[in-house]
Amino acid sequence: MDQKTHIAIFPSLPISHLIPFIEFAKRLVLDHHNFHVTCLLLTTTEDHISPSRAKMAILDSLPAAIDIIFLPPVNLDDLPEDHKLRLTITRSLSSLQTTLKSLLITNRLDAFFADLFGFEAIEIAKGLNVPSFIFFTSNALSLALFLHLPNLDHELLSSVRFLSDLPDPIQLPGCVPLPSNTLMDTMQDRESKSYKSLLNLSKGLYLTEGRIVNIFLAMEFEAIKALEANDRMPRVFLVGPIVKKESSDDHDKSECMTWLDKQPRGSVLYVSFGSGGTLSSDQMNELAFGLEMSGKNFLWVTRRPNNESSSANFLKQSSRQSQSQNQSQDKYFDYLPSGFFERTKGRGLVVESWVPQARVLSHGSTGGFMSHCGWSSILESIVNGVPLIVWPLYAEQKMNAVMLVEELHVAMRLSCGENGIVGRDEIVRGVKEIMDQSCEEGKKVGKCMNELKNDAIMALGEDGSSKKALSELAFMLLNKASN
């Protein structure tokens with residue numbers, strides 16, 4: 001190990017950040033054998049008592065060139081949900097600094113990678129003279145927004161407090177125009193602590209050695225060219241799409257995969273709102289009736305509704321799997337309409353909390369994906385050529401939806417009613433169009449998604465742009481380590 005270039009990576013807490021970071025580390029050490037990676041993991045007291053099944057499955061499959069160090073658990077019981085992500089990192093900084101100092105003494109440390117929310121950790125690494133990088137788990141559109149936020153804030157200094165009040169879309173260089181109400185909720189109120197935290201983070205992004213972004217060049221070509229035209233901008237490495245790869249051996253007995261095997265090719269709509277997304281009771285009811293009325297086959301990953309927050313599960317990763325068929329679905333899923341299972345028997349499967357999503361999307365029976373527009377889910381859909389119905393809930397998901405629909409044309413949007421609820425009739429319309437491709441819009445979405453899939457395959461090929469970018473990053477790291 002002493003002869004290898006040693007890198008420490010520091011993902012933030014949500015599993016949606018952990019998975020791409022781990023997959024990036026795996027790709028680096030498997031493609032370039034002169035690297036060793038130590039993954040420094042945040043933990044909470046809840047994690048320490050009962051780690052989630054999904055997290056442990058990720059960490060059990062690591063190559064020998066990746067080590068794991070669990071930082072001491074922090075207690076978040078005194079914090080509101082919207083502060084937990086940021087303050088988990090803040091409360092772990094002392095133990096992180098101690099760990100990094102130890103690595104410098106015992107193993108040497110040639111570089112440090114953190115994701116966007118770990119910028120305070122970047123400052124610690126820079127204080128120890130360790131070259132530092134940002135691993136950006138989202139796309140170039142979001143990166144452009146963060147980088148331009150200080151300028152945007154200066155322009156708005158005397159005009160508005162709430163960005164959603166801006167009459168005109170936000171225009172970022174090389175990017176699709178963003179209606180102001182699609183910006184993330186934490187960015188809307190310019191006097192809030194969350195906004196000021198993001199503003200400080202944005203200013204600090206220029207201080208890293210480089211940024212690794214989970215996209216491929218053909219996907220956001222104009223946005224990337226605009227970012228590279230910025231003279232102050234550190235190097236950008238486009239290494240995507242990085243998605244989770246699941247071994248078929250791990251889930252051969254999974255109920256949902258057995259069910260998919262029995263369905264006709266391209267006939268199933270996969271419905272999932274990610275590891276953290278939740279719907280209200282009224283919206284859950286409309287979605288259930290919409291899926292029923294559509295007459296189409298569906299696999300729905302669901303959880304209990306929450307009327308307070310659309311991101312109620314963002315930091316609460318369930319360890320449950322789908323329920324046994326011996327247990328009454330009607331009794332367990334008591335939040336769904338009465339008689340729903342009888343009326344959809346044979347063409348619908350409802351699973352609680354978790355399925356092997358990468359395998360579901362790669363299955364030949366899956367023909368569409370109703371998604372919350374989390375970036376990992378989007379990339380998994382693209383690499384499998386599965387067209388999307390966008391249903392964004394929180395964070396940057398509304399921005400992602402704009403890009404998917406208006407720029408890439410690989411997704412269809414559903415319209416909300418005056419009460420903010422997507423009605424059952426609208427759901428039926430969207431499901432039928434994406435699954436039947438019965439209209440010109442549906443055909444266009446399918447064609448564009450298939451073209452983007454081919455672009456992704458080319459980017460990851462031996463002479464592809466993403467493969468070359470990873471090699472260039474590896475060369476840069478090796479060069480820094482030797483100096």
Side-chain angles (χ1 to χ4, degrees), residues 9-31 37 39 41-42 51-63 65-66 68 113 115-116 135-139 212-216 219 238-252 254 256-257 260 270-277 299 301 313-315 317-322 351 353-364 366 369 371-386 388 395-397 400 452-453 456-457 459-460 466-467 470:
I9 66 172
F10 183 56
S12 56
L13 194 60
I15 198 166
S16 57
H17 288 235
L18 173 64
I19 289 174
F21 221 147
I22 289 289
E23 292 297 327
F24 161 74
K26 288 164 66 174
R27 189 178 293 181
L28 179 65
V29 300
L30 292 175
D31 285 3
V37 174
C39 180
L41 285 187
L42 293 162
S52 74
R53 178 192 182 282
K55 178 178 287 188
M56 295 314 298
I58 296 166
L59 303 181
D60 285 344
S61 61
L62 298 180
I66 300 179
I68 298 292
F113 288 63
D115 72 20
L116 180 68
F135 179 77
F136 199 73
T137 55
S138 190
N139 49 43
I212 295 83
V213 187
N214 192 10
I215 62 167
F216 50 100
M219 188 175 187
L238 310 180
V239 297
I242 296 173
V243 297
K244 187 174 186 292
K245 296 180 180 178
E246 296 188 78
S247 167
S248 60
D249 295 337
D250 295 340
H251 304 292
D252 280 345
S254 171
C256 71
M257 299 309 298
L260 280 173
Y270 173 52
V271 182
S272 175
F273 299 100
S275 58
L299 169 59
V301 183
N313 278 356
F314 187 50
L315 294 177
Q317 312 301 338
S318 172
S319 61
R320 286 193 203 171
Q321 300 182 57
S322 58
V351 180
S353 293
W354 181 89
V355 297
Q357 178 166 290
R359 291 194 64 213
V360 168
L361 287 170
S362 65
H363 198 285
T366 303
F369 184 11
S371 173
H372 66 307
C373 298
W375 193 242
S376 292
S377 291
I378 290 170
L379 291 180
E380 288 174 351
S381 193
I382 288 171
V383 298
N384 291 292
V386 180
L388 290 152
E396 84 284 10
Q397 293 164 13
N400 293 344
L452 195 59
K453 172 188 174 180
I457 292 172
L460 295 175
S466 294
K467 189 85 169 180
L470 184 63

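Note that the structure is predicted; figures quoted are calculated from it, not measured.
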Please lay out, stage by stage, how K26 and V37 fare under the test side chain to side chain contact (heavy atoms under 4.5 Å, CB included). CA-CA 9 Å; K26 288 164 66 174; V37 174; over 6 Å; no
In chain order, what residues pass the salt bridge (charged side-chain N to carboxylate O under 4.0 Å, His left out) check against E380, with sequence neighbours excluded? none
Atom pair [atom1] ([X]) and [atom2] ([Y]), whose distance is rounded to the nearest 0.5 Å:
{"X": "R359", "Y": "C256", "atom1": "CZ", "atom2": "SG", "value": "8.0 Å"}
{"X": "N214", "Y": "L379", "atom1": "CG", "atom2": "CG", "value": "5.0 Å"}
{"X": "I215", "Y": "L238", "atom1": "CD1", "atom2": "CG", "value": "5.0 Å"}
{"X": "I378", "Y": "I382", "atom1": "CD1", "atom2": "CD1", "value": "7.0 Å"}
{"X": "I68", "Y": "C39", "atom1": "CD1", "atom2": "SG", "value": "4.0 Å"}

Mind checking what makes ring-ring contact (aromatic ring centres under 6.0 Å, His included) contact with [X], not counting sequence neighbours?
{"X": "F273", "value": "W391"}
{"X": "F216", "value": "none"}
{"X": "F21", "value": "F135"}

Return the set of residues passing side-chain contact (heavy atoms from CB on, under 4.5 Å) with V301 (not counting sequence neighbours), or none when no residue passes. Y270, S272, V355
Non-neighbouring partners of L460 that pass side-chain contact (heavy atoms from CB on, under 4.5 Å), sequence neighbours left out: R27, P241, S466
Going by side chain to side chain donor-acceptor pair (under 3.5 Å), name the residues that satisfy it together with [X], two or more places apart in sequence or in a different chain.
{"X": "D115", "value": "S12, H17"}
{"X": "K453", "value": "none"}
{"X": "S377", "value": "Q357"}

Do you know which two heavy atoms are closest between [X] and [Y], and how far apart they sit?
{"X": "L361", "Y": "S381", "result": "CD1-N, 3.9 Å"}
{"X": "E396", "Y": "S138", "result": "OE2-OG, 3.4 Å"}
{"X": "S16", "Y": "S376", "result": "O-OG, 3.9 Å"}
{"X": "A459", "Y": "G240", "result": "CB-O, 4.4 Å"}

Taking the side chain as every heavy atom from C-beta outward, state whether [X] and [Y] have any pair of such atoms under 4.5 Å apart.
{"X": "F10", "Y": "L42", "result": "yes"}
{"X": "V29", "Y": "I66", "result": "yes"}
{"X": "I22", "Y": "K244", "result": "no"}
{"X": "L260", "Y": "L299", "result": "yes"}

Checking side chain to side chain contact (heavy atoms under 4.5 Å, CB included) for the pair F136/I212: CA distance, chi angles, key distance, verdict? CA-CA 6 Å; F136 199 73; I212 295 83; over 6 Å; no
Side chain to side chain contact (heavy atoms under 4.5 Å, CB included) between L470 and F24, worked out: CA-CA 10 Å; L470 184 63; F24 161 74; 3.9 Å; yes
Using modelled atom types only, decide if a donor and an acceptor are shared between the side chain of N400 and the backbone of C373 within a distance under 3.5 Å. yes
Test side chain to side chain contact (heavy atoms under 4.5 Å, CB included) on N139 and V213; report intermediate values, then the result. CA-CA 7 Å; N139 49 43; V213 187; 5.7 Å; no
